[in-house]
There are 2 protein chains.
Amino acid sequence: MSVSTKMKELRQKLRENQYKLTPQRQMVLQAFLDHPNRHLSAEDVYSIVRDQSPDIGLATVYRSLELLSEMNLLQKIDFGDGRSRYEVAESGATHHHHHLICLDCGQVKEYDDDLLEGLEASISRKHRFTIVDHEVKFYGYCSQCQAKRDHEG
Amino acid sequence: MSVSTKMKELRQKLRENQYKLTPQRQMVLQAFLDHPNRHLSAEDVYSIVRDQSPDIGLATVYRSLELLSEMNLLQKIDFGDGRSRYEVAESGATHHHHHLICLDCGQVKEYDDDLLEGLEASISRKHRFTIVDHEVKFYGYCSQCQAKRDHEG
DNA sequence: ATTCATGCAAATCGTTTGCACCCAC
DNA sequence: GTGGGTGCAAACGATTTGCATGAAT
């Protein structure tokens with residue numbers, strides 16, 4: 001649970017896959033550790049990392065994000081806003097959280113999911129489809145924006 | 001349920017919103033009626049419509065897709081393959097289907113959803129979030145691709 | 001030393017937009 | 001007739017790629 005746990009995981013997984021441990025890759029992962037509960041886009045990461053290391057290239061950020069996702073250190077998510085976003089992947093394989101996306105302010109809330117595991121099994125059987133992952137998004141209005149809407153009629 | 005039902009709906013909704021009924025808009029909708037159970041991208045529609053009307057512009061297809069979605073005749077979906085896809089929207093407001101996406105061949109199967117309505121209510125209450133829509137995707141392997149994988153080990 | 005990673009700029013791809021002409025109303 | 005719609009080409013924004021240099025092993 002210490003700050004360096006994920007970083008050690010990075011070190012180890014890079015070695016396993018014969019990739020090199022570069023400062024850029026560490027910095028990209030660190031950006032996520034420094035901004036928990038956020039869903040950073042490539043540009044977000046670029047701007048965070050550039051504060052510390054102005055010479056880093058945006059392409060390197062993209063390449064690092066892809067690599068970290070392949071190694072399951074990051075999870076790529078798509079909120080339909082035209083750019084990919086990423087978050088630190090949960091270690092436990094199947095049990096992850098999903099998102100409540102506000103259609104007004106764009107805020108993304110997380111919610112923990114337990115209820116879909118059973119559903120998976122029945123769908124899997126019924127459709128002869130081996131399910132390895134699922135993704136659930138709820139669209140609506142957060143309490144603030146809902147209040148706003150109530151006022152405006 | 002006849003072929004022209006949706007087309008009449010188009011005519012009516014265009015009028016309601018003071019938009020004009022053009023052959024291009026009709027042809028775009030017709031492309032979906034002629035290809036049921038498919039999830040057409042803008043390029044797909046463009047190539048279908050161009051057979052009949054070679055002078056149509058891709059931009060017009062995009063503009064029609066946007067308009068038809070706004071009027072809830074089409075539903076925009078995102079399978080994360082880098083392009084937006086569309087399908088004819090279900091008339092009943094809340095009850096729609098979801099998708100099983102094969103990670104190998106990319107095939108998309110549909111499945112009917114009944115079970116999430118109850119879930120919505122409890123999430124809505126717990127998170128103070130007014131839910132207006134949801135989207136569920138299951139990722140995995142269709143029976144053919146699963147068989148292939150079993151052979152290859 | 002070797003191999004892989006980086007930074008930069010150019011290329012790519014889906015989608016959007018500006019504009020002059022055209023057509024549904 | 002007029003205002004919105006179209007086709008075309010150019011612009012756009014996110015992401016990818018080619019290539020020469022640089023750094024981790």
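Below, chains carry the letters A, B, ... as their sequence lines are ordered, and counting in each starts from 1. None of the values given here were measured: they were computed from a predicted structure.
Residues A/Gln24 and A/Thr60 bring no donor and acceptor atom of their side chains to less than 3.5 Å of each other.
D/dG5 atom C1' lies 14 Å from atom CD of B/Gln26, rounded to whole Å. A straight line from NZ of B/Lys20 to P of D/dT6 spans 10 Å, rounded to a whole angstrom. Between the CG atom of B/Asp81 and the C1' atom of C/dC13 there is a distance of 12 Å, given to the nearest Å. Rounding to whole angstrom units, CG of residue B/Leu58 and P of D/dA10 are separated by 15 Å. For the pair A/Asn17 CG and C/dT3 C1', the interatomic distance rounds to 16 Å; values are reported in whole Å. We find that OH of A/Tyr19 is positioned 7 Å from P of C/dA5, with the value rounded to whole Å. Between B/Arg15 atom CZ and D/dG4 atom C1' there is a gap of 16 Å when expressed in whole angstrom units. Distance A/Glu43 CD to D/dA14 C1': 8 Å, rounded to the nearest Å.
Put simply, A/Ser84 has a side-chain N or O that comes within less than 4.0 Å of OP1 or OP2 on D/dT15. For A/Arg63, no side-chain nitrogen or oxygen approaches OP1 or OP2 of C/dC4 to under 4.0 Å. Between B/Thr22 and the phosphate of C/dA24, there is no side-chain N or O to OP1/OP2 separation shorter than 4.0 Å. The phosphate of D/dG7 has OP1 or OP2 within less than 4.0 Å of a side-chain N or O from B/Gln24.
Residue B/Glu66 is the one, among B/Glu66 and B/Leu21, whose nearest nucleotide of DNA chain C lies closer to the 5' end (criterion: closest heavy atom). Comparing A/Arg83 and B/Tyr46 by the nucleotide of DNA chain D whose heavy atom lies nearest to each, the residue mapping closer to the 5' end is B/Tyr46.
Comparing D/dT6, C/dA5, C/dG7 by their closest approach to the side chain of B/Arg25 singles out D/dT6. Distances were taken from every side-chain heavy atom of A/Ala42 (C-beta onward) to each of D/dA24, D/dG5, D/dT15; the shortest belongs to D/dT15. Candidate nucleotides C/dT6, C/dT15, D/dG7 were compared by shortest atom distance to the side chain of B/Tyr62, and C/dT15 ranks first. The side chain of B/Thr60 sits closest to D/dT6 out of D/dA24, D/dT15, D/dT6.
For A/Phe138 and A/Tyr111, the ring centers sit closer than 6.0 Å to each other.
At the heavy-atom level, B/Ser41 lies nowhere under 4.0 Å from the strands shown. Note on B/Pro54: nothing from the nucleic acid sits closer than 4.0 angstrom, heavy atoms only.
Taking the six-membered ring where the residue is Trp, A/His39 and A/Phe79 present perpendicular rings, their angle passing 60° and hence far from 30°.
Salt bridge present: A/Lys6 and A/Glu9 bring a charged side-chain N and a carboxylate O closer than 4.0 Å. Remark: B/Lys148 does not engage B/Glu152 in a salt bridge, criterion side-chain N to carboxylate O under 4.0 Å.
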